[in-house]
Amino acid sequence: MELVETNNLNGMESLKREILRFMMGYKFALDEVNTKIDILKQEFQLIHDYNPIEHVKSRIKSPKSILRKVQKKGYDFSLPIIKEKIRDIAGIRITCSFISDIYEISNMLQKQRDVEVIEVKDYIKNSKENGYQSLHLIIKIPIFMSDREEHVYVEIQIRTIAMDFWASLEHKIYYKYNKEVPQKIKDDLKEAAISATILDKKMESIHKEMDQIKQSAKEEEDLQELLINNERFHLPYDFLTADIMGKRKDN
Ligand code: 0O2
């Protein structure tokens, strides 16, 4: 009897090690993608002179949530099936400043050679019936371990601050309220999602307008600068507007 129990325990120990190895793959995948995002963030800052990423949050789905999803979807409970079917065990959420940043970040990620894009769900162009908005990418990336190479699914959700605010409140409402959510709340949430879109669009147009103003000011500044022998000279505006070439007199 004791021998059986010891065998059983040993079996469970080795199973636990397998599960740990399995979960570690997702941790490494998250590390890889987080590094990619960090590089993009720095590059974007250099090119566009602002930081498009407000914050990045990553998580590994808990074994309990994995089990719940497997049961809900009716899959067989085995690691190869979980690996293939549950594609959000490694999840990353990127919160951006503006809608255009979402697509730019998404394109930058999709163009990377080691990123295999499996699925793109655009809940911004086609928001969900309840108002949910976000861009979802399911990608597969290679991870290299001491004895093997694995290709791991990662779910990336990219959204604006307003979309994120909406989604977290909506999630809390559904998570904390076990009964049917009243229709009035559902309607209010939908209205709030529309307001979030209006806010996002307004913020982006202010940002673009300001960008243009900054650009014209810079062009003006550049025009009034002379570089001679690596020394910068300010060119008074009168030089540029006066008739110093005497052309006007000729006419
Ligand atoms: P959690 O706890 O956030 O991980 P799937 O079930 O993933 O195979 P599905 O549902 O078609 O297929 O995937 P979808 O639509 O891409 O949604 C995946 C994730 O997006 C969800 O994960 C949520 O995180 C988020 N999401 C989708 N719809 C909504 C929504 O209406 N409200 C909010 N707040 N979040 C949403 P999980 O596994 O449901 O939950």
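Index from 1, following the sequence. Keep in mind that the numbers below use all heavy atoms, side chains included, and drop hydrogens, waters and symmetry copies. Counting starts at 1 for both ligands and their atoms, following the listed order.
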Enquirer: Give me each pair satisfying salt bridge (charged side-chain N to carboxylate O under 4.0 Å, His left out) with a member in residues 196-206, each pair once, sequence neighbours excluded.
Expert: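 Output for this query lists Glu204-Lys208.
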
Enquirer: Quick one: list whatever passes side-chain contact (heavy atoms from CB on, under 4.5 Å) with Ala90, sequence neighbours left out.
Expert: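 Per chain and number, Ala90 pairs via side-chain contact (heavy atoms from CB on, under 4.5 Å) with Tyr26, Leu30, Val154.
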
Enquirer: Taking atom types as modelled, is there a side-chain donor on Ser106 or Gln110 under 3.5 Å from an acceptor on the other?
Expert: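 Side chains of Ser106 and Gln110: pair found under 3.5 Å.
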
Enquirer: Suppose the criterion is ring-ring contact (aromatic ring centres under 6.0 Å, His included): which pairs have a residue in residues 54-82, not counting sequence neighbours?
Expert: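 For residues 54-82: none.
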
Enquirer: May I ask you to decide if the ring planes of Trp166 and Tyr132 are parallel, tilted or perpendicular, using 30° and 60° as cut-offs?
Expert: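 The rings of Trp166 and Tyr132 sit tilted, inter-plane angle from 30° to 60°.
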
Enquirer: For a quick check under 3.5 Å, do Asp211 and Gln215 share a side-chain donor-acceptor pair by atom type?
Expert: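 Their side chains do not contain a donor-acceptor pair, so the 3.5 Å distance test is not met.
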
Enquirer: For a quick check: using heavy atoms under 4.0 Å, what are the residues in contact with ligand 1, sorted by chain and number?
Expert: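 Residues within 4.0 Å of ligand 1: Arg59, Lys61, Lys69, Lys73, Asp88, Arg93, Lys121, Tyr123, Lys128, Asn130, Tyr132, His136, Glu155, Gln157, Ala167, Glu170, His171.
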
